[in-house]
Amino acid sequence: MAIFLYRLGRLAFRRRRLVLLAWIAVLVAAVIGVSSVSGSTTDEFTLPGTQSQQAIDLLEKEFPQASADGATARVVIEAPDGQKLTSAAHKQEVESLVADLRKAPQVANVSDPFTGGLVSSSGSIAYAQVTYAVPQADITPAASDALHQVADKGEKASLKISLGGNAVLEEEQSNAAELIGLLVAAFVLVITFGSLVAAGLPLVSAIVGVGIALCAIIVASSFVDMASNAQTLALMLGLAVAIDYALFIVSRYRTELREGHAPEEAAGRALGTAGSAVVFAGLTVVIALAGLSVIGIAMLTTMGLAAAFAIAVAVLVALTLLPATLGFTGTRVAADRLTTRRVRAEQHGRRVTMGVRWGRFVTRHPWKMLLASVVGLGVLAIPALSLRLTLPDDSMAAPGSTQRVAYETLSKGFGPGFSGPLTIVVDARDSDDAKTAAADTSAMLDGLDEVATVRPPVFNEAGDVALITAVPGSPPTSQETVDLVADIRDRSNAVEKDGGTQVMVTGTTALNIDVSVKLGEAMVPYLAIVVGLALVLLLLVFRSVLIPIKAAAGFLLSVVATLGVLVAVFQWGWLKDIFGVDETAPVVSLLPILLIGVVFGLAMDYEVFLVSGMREAYVHGASPTEAIVTGFRHGARVVTAAAIIMISVFAGFLLDDIALVKSIGMGLATAVLFDAFVIRMTLVPAVMTLLGARAWALPHWLDRLLPNVDVEGEKLRQVLAERDRQSRIPAQNDQEPAAPAPLG
């Protein structure tokens, strides 16, 4: 692969105008594609095999008028201070709003607050439940506009109107997070390279790659149901990874130029060495993210595939567009006029670099550094034992948003559990007495302390399937509500004793609980798959048994420590004001799985870029300890810059008001911080120092079986060295050095 990438780098360098025009054409086509489609996103879940999904499927069949899979909206109405909605004037205004809602596009049913018992005991708060005939992803702009027009009409009548439910789309978020991440990345790149030209190339290539990826994802959302956060995750990862990959290649290109190679040759060598590591690192991230599809949740699948696509585009840009742009800049990339005197002294060997000093410090105190790393991360991991999972609902919407206001108003008027009612389906199609089964179920629900209210059963036309609504006394995301759902399902056995009745709990709250349970159960198997993949890939790369085990153990430690931090901040509320967390809640159930997939790929990035330099030095005769220090000399500065850039890009999303985006940003930033600086820069050299030569040991029988993937480009170096040696042999006739023969 290294030889192929060497040729690709030289080809892209020579044909730079053609390569640049090709990428510009792709970007223009992507933008045109976005302008010609109307993509939509969804937060809908389907969870085959669970009780909640089974009940939804039954409701679609037996209660078609209820549109069980249709989008819903809650129009929450609050009277002015000191007044009641039950007064004649306000009641007429509310009924007029309900009439307008029934005439809105795609609406299947609207519940009247006064006839449906949807007015609070104080008479000051009410709501109308709007059910659409189509799923959330199919809500048209006309239907959405009609909903907001009703809200505006109510506001003009002096009523306080707020909108909740999945039919209400989130407001467009600002791009502050991305801009802050780019600014910090630019600053770090300038400090690292000391050159505006060298710092600009990774940024330009990242923007092009992310732009193409996001446009393609938006186009795809017109044909498939795309998770609403898929674009955010793709942007977050694509931006950080694209900058990092370009950073590694540009850094190697500058090194090759300083060693006296011509620009085209330097581009080929940079791509053949650093490019090989980029391909491997990108492949691991893509596999880990695409592997999310095996969990069987469509929302998670689209998020994983969208992010994996963004990573793949970033790799392609780094391998083609970047060497082409290097062709336009030539040797100007190597200029370091903005570099400090200290850094120039380090580059010319007159001063020991910080990376070398740190490497020597760790190798002198391996036991102390190992214990400090393990104990420190272990303490941070303790809160992870209390991890609870949930799905985002209106309680986690941005503060001040109409969804958040609607949730808080309903909680004030009807109680904390009113926004998350439970739907109990009594399937008595095989029973002789459906009414008795429904009555027994209602009595069972009335006897539960955690149930605030139970509405009378509603039967289908055949009279053999009943629908009962129970309102919990606690918020939808609380542990009390989770326990209540489990209690109802356990007690349903008494109703099902005649063998002809089945009682199922569904609704948004129950479905969210089932999703969280399934994701929690899938976390360990998925983690095992990812760790197994890490062991195999690193075994191929480093041809060592102990290094993959050490890398996987470090990865696990950084993941559990990150989960501990998330629990402490988002679930327990520690330092929540500092991080802008408005309200404590269980960790979003998607996050641990996403964290495992993403952090695995990033961990392998740093492992490859740092340890490959150590292996190269060891293979060339350095002692185990000298090899560690050499690896830090070549890779510490670049890995540090890459980690700081990633942390900055991810941390910028803490400014987002949406809880899921904020938690993903913090989780990824924390994970990179732990993995890059504690695991790869501290624990790894400490363990390798203690292992000595055993770290690189590989049984002979396994050495013969494993293919040589040559990520470090060792085979390429041998071929180039032989070519250079041949080129120095004097020609037979004129005794002048022969020109270097083309490779391959």
*asked:* side-chain contact (heavy atoms from CB on, under 4.5 Å), that's the test. Do Val638 and Arg252 meet it? Break it down for me.
replied: CA-CA 10 Å; Val638 177; Arg252 182 59 62 92; over 6 Å; no
_side-chain contact (heavy atoms from CB on, under 4.5 Å) assessment of Arg680 paired with Val639_ = CA-CA 10 Å; Arg680 308 303 152 190; Val639 169; 5.8 Å; no
*asked:* Quick one, Val560 with Leu556, criterion side-chain contact (heavy atoms from CB on, under 4.5 Å). Give me CA distance, side-chain angles, the key distance, then yes/no.
replied: CA-CA 6 Å; Val560 294; Leu556 290 173; 5.7 Å; no
*Could you give me the CA-CA distance, side-chain angles and deciding distance for Tyr606 and Val672, then say whether side-chain contact (heavy atoms from CB on, under 4.5 Å) is met?*
CA-CA 10 Å; Tyr606 300 131; Val672 172; 3.8 Å; yes
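Among Leu292, Leu233, Thr232, the single residue meeting the side-chain contact (heavy atoms from CB on, under 4.5 Å) criterion with Met303 is Leu233.
The shortest distance between side-chain heavy atoms of Ile679 and Leu377 falls below 4.5 Å. In this structure the side chain of Thr689 never reaches within 4.5 angstrom of the side chain of Leu370, judged on heavy atoms. Side chains of Pro592 and Leu563 form a contact here, defined as non-hydrogen atoms less than 4.5 Å apart. Two residues are said to be in side-chain contact when any heavy atoms from C-beta on lie closer than 4.5 Å; Leu683 and Val678 fail this criterion. Side-chain contact between Pro699 and Val545 is present, with heavy atoms from C-beta onward closer than 4.5 Å. Looking at heavy atoms from C-beta onward, Val362 lies out of side-chain contact with Ile628 at the 4.5 angstrom threshold. Taking the side chain as every heavy atom from C-beta outward, Lys576 and Phe570 never approach each other to under 4.5 Å. Contact check for Val611 versus Val684: side-chain heavy atoms found under the 4.5 Å cut-off.
Side-chain N or O atoms of Arg543 include one that pairs as donor or acceptor with a backbone N or O of Asp703 at under 3.5 Å. Between the side chain of Trp358 and the backbone N or O of Ala636, no donor-acceptor pair lies under 3.5 Å. Within the 3.5 Å criterion, the main-chain N or O of Ala671 finds no donor-acceptor partner in the side chain of Ser558. Ser648 places a side-chain N or O within donor-acceptor distance of the main-chain N or O of Ile644, the cut-off being under 3.5 Å. The main-chain N or O of Gly667 is never found under 3.5 Å from a side-chain atom of Thr670 such that the two would form a donor-acceptor pair. With hydrogens and angles ignored, the 3.5 Å screen pairs a side-chain donor or acceptor of Tyr245 with a backbone N or O of Gly282. Side chain of Arg388 to main chain of Pro586: no donor-acceptor pair is present (N/O by atom type, distance under 3.5 Å, no hydrogens or angles).
The local environment of CZ in Phe677 is crowded, with over 12 non-hydrogen atoms from other residues, nucleotides or ligands closer than 6.0 Å.
Ring planes of Tyr618 and Trp696: parallel class, angle under 30° (limits at 30 and 60°).
Phe361 CZ to Thr682 OG1: the interatomic distance, rounded to the nearest 0.5 Å, is 9.5 Å. Note: Leu322 CG to Phe248 CZ = 13.0 Å, rounded to the nearest 0.5 Å. How far CG of Leu673 is from OG1 of Thr562: 8.5 Å, rounded to the nearest 0.5 Å. Summarising the geometry, atom CG belonging to Leu389 is positioned 14.5 Å from atom NZ belonging to Lys518; distances are rounded to the nearest 0.5 Å. Atom CG in Asp675 sits 8.5 Å away from atom CZ in Phe555 (nearest 0.5 Å). Distance check: Leu539 CG to Leu546 CG gives 10.5 Å after rounding to the nearest 0.5 Å.
Across every non-hydrogen atom of Ala206 and Ile243, the tightest pair is CB-CG1, 3.5 Å. Looking at every heavy atom in both residues, Arg694 comes nearest to Leu690 through NH2-O, 3.2 Å. When all heavy atoms are compared, the tightest approach of Phe579 to Val569 is CD1-CG1, 4.0 Å. Scanning all heavy atoms of the two residues, the minimum distance from Arg254 to Ala198 falls at NH1-CB, 3.9 Å. The two residues Leu5 and Gly272 make their nearest non-hydrogen contact at CB-CA, 4.0 Å. Nearest approach of Ser544 to Leu698, heavy atoms of both residues: N-CD1, 4.2 Å.
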